[in-house]
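Written out below as structure tokens is the structure these notes cover.
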Protein chains: 2
Amino acid sequence: MKTEKISELTTNRLSIYLRCLNELSAEGAKTISSGRLAKRFHLNSAQIRKDLACFGEFGVRGVGYYIADLKEQITKILGLDHKHRVAIIGAGRLGMALTDYYGFTQTNFEVAALFDADEEKIGSKVGKVKVFDLKNFERVIRKEDIDVAVIAVPAQFAQSVLETVAKSGIKAVMNFAPTPLRFADDIKVKTIDLTISLESLSYFLAKPQND
Amino acid sequence: MKTEKISELTTNRLSIYLRCLNELSAEGAKTISSGRLAKRFHLNSAQIRKDLACFGEFGVRGVGYYIADLKEQITKILGLDHKHRVAIIGAGRLGMALTDYYGFTQTNFEVAALFDADEEKIGSKVGKVKVFDLKNFERVIRKEDIDVAVIAVPAQFAQSVLETVAKSGIKAVMNFAPTPLRFADDIKVKTIDLTISLESLSYFLAKPQND
DNA sequence: CTAGACTGTTTCAAGTGTGAAACACGATGA
DNA sequence: TCATCGTGTTTCACACTTGAAACAGTCTAG
């Protein structure tokens, strides 16, 4: 096991491996070698072994990996062995959509609260999730034991919302506002910029020769 | 102007520059140098000049860039000077949410049709957008002049949907299904995997020392 | 017991992106 | 006219990631 710092690309691949293992597991397979895993899912066997070896010796020489065991290990590494409670800030279209989104519930993420600054929205409900006043953010997230925040507000408010979030002690943030954010390095912010992605597609369509 | 192949990272930055220019433009500024642009928006001036020089000589030595002109140039490069018409496949929660979201916030992208395979959904409407039978995909996208597709179906159907999309002649696809897809290299598929992003946050919270 | 399979680990080459530096050239202003 | 500013362009070093190769150690099958 190497104790060097682990690249985010590595952990992203762990997510993918976990999916593959779930698929194999559903098929009733018990063990899998890195070679067969790579062939089946179009991955690279050397990379699989390297990635896994970062976290321990999970494989058995001459055999491969025990699927059930490896699933459990990766689940634990990724912190998916316990529920996360999520706050979504911004009860606009995107925020409400994400509240309903299955992807959260699927993987042990539960939306516990919505926040907005708009008086008209505060107090209403989206499904079973109540909309709170953003002013009470810190109090509510403590009471609800929330550890992940999602920023779904217009770009011009995102930085100030992030500061509120950071001050409350939350360390993991997903940002959908199309703007770069500045933050201390003890918290993690993942920005998903749909605008850039769309414009990238647009460029592909527009560029002279589609090679 | 270099005519080498242009990295996607470059075009992503163009999107960002365009936003910055819009902001400056709104403030009434007429010209901007790469140096001041970099300082203002925490970018790198050398990179800005390199990126822009990929597409032509937009700047004026001794002066900088004329904001209005550069905005227009980048808009044209990114193909944002005309509307794109979007089809969203999968009228589930995510698909419906995106329909609302794009419809109102993305001025250059207009959602023209929803598709689903579920009889109960076909024929209904989400806002002003009608839900069509996925079987009629090719006919509808021709009639509606659609050039971008968004895949918002469960992972196990994504590959087959992509093949339907590819066969119809659409060249730009945004995929929200958490699965890797295979496709010919004359079409562009951008996968946005919210699951991986969430799990990456989870890992950050779970890892031994939050450095 | 022996042969083969497969992991864990190291090493290396290749590709890519980044950031700094240097410099010619053109534009502006005094 | 001359100094200054800023672009366009090249060059370089550095970092990171990937993929391949090699090899020792360990497990299973026969």
Side-chain angles (χ1 to χ4, degrees), chain A residues 1-17 20-21 24 29-71 73-74 77 180 185 196 200, chain B residues 1-17 20-21 24 29-71 73-74 77 180 185 196 200:
Chain A
M1 161 145 60
K2 313 172 181 181
T3 44
E4 308 163 26
K5 74 175 196 290
I6 285 145
S7 154
E8 177 155 341
L9 295 174
T10 300
T11 64
N12 287 352
R13 280 190 296 269
L14 285 191
S15 293
I16 293 169
Y17 302 154
C20 298
L21 292 171
L24 290 168
K30 296 297 176 205
T31 67
I32 186 81
S33 72
S34 62
R36 280 185 297 137
L37 192 60
K39 207 158 201 175
R40 165 85 183 259
F41 295 100
H42 308 92
L43 306 168
N44 180 287
S45 64
Q47 185 125 60
I48 293 172
R49 291 203 302 280
K50 259 193 251 184
D51 287 337
L52 296 177
C54 289
F55 299 96
E57 307 200 355
F58 305 137
V60 182
R61 293 174 175 175
V63 178
Y65 300 90
Y66 290 101
I67 292 175
D69 178 51
L70 188 55
K71 262 178 60 178
Q73 299 287 349
I74 296 180
I77 291 166
D185 54 4
I196 287 184
S200 164
Chain B
M1 159 143 61
K2 314 174 182 179
T3 45
E4 308 163 28
K5 71 177 198 292
I6 284 144
S7 154
E8 177 154 341
L9 295 174
T10 300
T11 64
N12 287 352
R13 281 190 295 269
L14 284 191
S15 292
I16 294 169
Y17 302 154
C20 300
L21 292 171
L24 290 169
K30 296 295 175 207
T31 67
I32 186 82
S33 72
S34 62
R36 280 184 298 136
L37 191 61
K39 206 157 201 172
R40 165 84 183 257
F41 295 101
H42 308 92
L43 305 169
N44 180 287
S45 64
Q47 186 125 59
I48 293 172
R49 291 204 304 278
K50 259 194 249 183
D51 287 336
L52 295 178
C54 288
F55 299 95
E57 308 202 354
F58 305 136
V60 181
R61 294 174 176 177
V63 178
Y65 301 91
Y66 289 101
I67 292 175
D69 177 50
L70 188 55
K71 261 177 61 175
Q73 298 288 350
I74 296 180
I77 291 166
D185 54 4
I196 288 184
S200 165

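We use all heavy atoms of the structure for the numbers below, so side chains are in, but hydrogens, waters and symmetry mates are not.
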Checklist entry - Nearest to the side chain of Gln47(A) - dG8(C), dA27(C), dT18(D)? => result dT18(D)
Checklist entry - Rounded to the nearest Å, what distance is computed from the CD1 atom of residue Ile48(B) to the P atom of nucleotide dT18(C)? => result 13 Å
Checklist entry - Would one find a side-chain N or O of Asn44(A) under 4.0 angstrom from OP1 or OP2 of dT18(D)? => result no
Next on the checklist: Looking at Lys50(B) and dG17(C), is any side-chain donor or acceptor paired with a base atom of the opposite kind under 3.5 Å?
Outcome noted: no
Checklist outcome for this item: Between the CD1 atom in Ile16(B) and the OG1 atom in Thr11(B), the distance rounded to the nearest 0.5 Å is 10.0 Å
Checklist outcome for this item: Among dT28(C), dA20(C), dT11(C), the one nearest any side-chain atom of Tyr66(B) is dT28(C)
Item to check | Listed nucleotide nearest any side-chain atom of Leu9(A), set dT17(D), dG6(D), dT9(D) | outcome: dT17(D)
Item to check | Protein-nucleotide distance (Glu57(A), atom CD; dA24(D), atom P), rounded to Å | outcome: 18 Å
Checklist entry - Reckon Arg13(A) touches a base, only the sugar-phosphate, or nothing at all at heavy-atom distances under 4.0 Å? => result sugar-phosphate
Checklist entry - Does Tyr65(A) make a side-chain N or O approach to OP1 or OP2 of dG8(C) shorter than 4.0 Å? => result yes
Checklist entry - Are Arg49(A) and Tyr65(A) side-chain neighbours, meaning at least one heavy-atom pair lies under 4.5 Å? => result yes
Checklist entry - More 5' along DNA chain C: Gly59(A) or Gly62(A), using each one's nearest nucleotide? => result Gly62(A)
Next on the checklist: Expressed as a whole number of angstroms, how long is the span from Phe58(A):CZ to dT26(D):P?
Outcome noted: 19 Å
Checklist entry - Should Leu52(B) and Leu70(B) count as side-chain neighbours, where that means a heavy-atom distance under 4.5 Å? => result yes
Next on the checklist: Looking at the base of dT26(D), is there any donor atom on it, or on the side chain of Arg61(A), that sits under 3.5 Å from an acceptor on the other one?
Outcome noted: no
Checklist outcome for this item: Taken to the nearest whole Å, CZ/Phe55(B) to P/dT7(D) is 18 Å
Checklist outcome for this item: Rounded to whole Å, the CZ-C1' distance (Arg36(B) to dC5(D)) equals 11 Å
Next on the checklist: If you compare all heavy atoms of Ser45(B) against all heavy atoms of Ser34(B), which two are closest, and at what distance to 0.1 Å?
Outcome noted: CB-O, 3.6 Å
Checklist entry - Closest approach of Ile67(A) and Leu21(A), non-hydrogen atoms and distance? => result CG2-O, 3.9 Å
Item to check | Nearest-neighbour nucleotide for the Ala46(B) side chain, dA20(C), dC27(D), dG8(C) considered | outcome: dA20(C)
Item to check | Ser7(A) side chain near dC16(D) phosphate (N/O to OP1/OP2, under 4.0 Å) | outcome: no
Item to check | Comparing Val60(B) and Arg49(A) on DNA chain D - which has the more 5′ nearest nucleotide | outcome: Val60(B)
Item to check | Distance in angstrom units between Leu70(A) CG and dC6(C) P, rounded | outcome: 16 Å
Next on the checklist: Between P on dC6(C) and NZ on Lys39(A), what's the gap in Å once rounded to a whole number?
Outcome noted: 11 Å
Next on the checklist: Ignoring hydrogens, what is the shortest heavy-atom contact between Ile32(A) and Arg36(A)? Give both atom names and the distance.
Outcome noted: CA-NH2, 3.5 Å
Item to check | Nearest-Å distance for atom pair NE2/C1', residues His42(A) and dG19(D) | outcome: 17 Å
Checklist entry - Just to confirm, is there a sub-4.0 Å distance from OP1 or OP2 of dT7(D) to any side-chain nitrogen or oxygen of Ser34(B)? => result yes
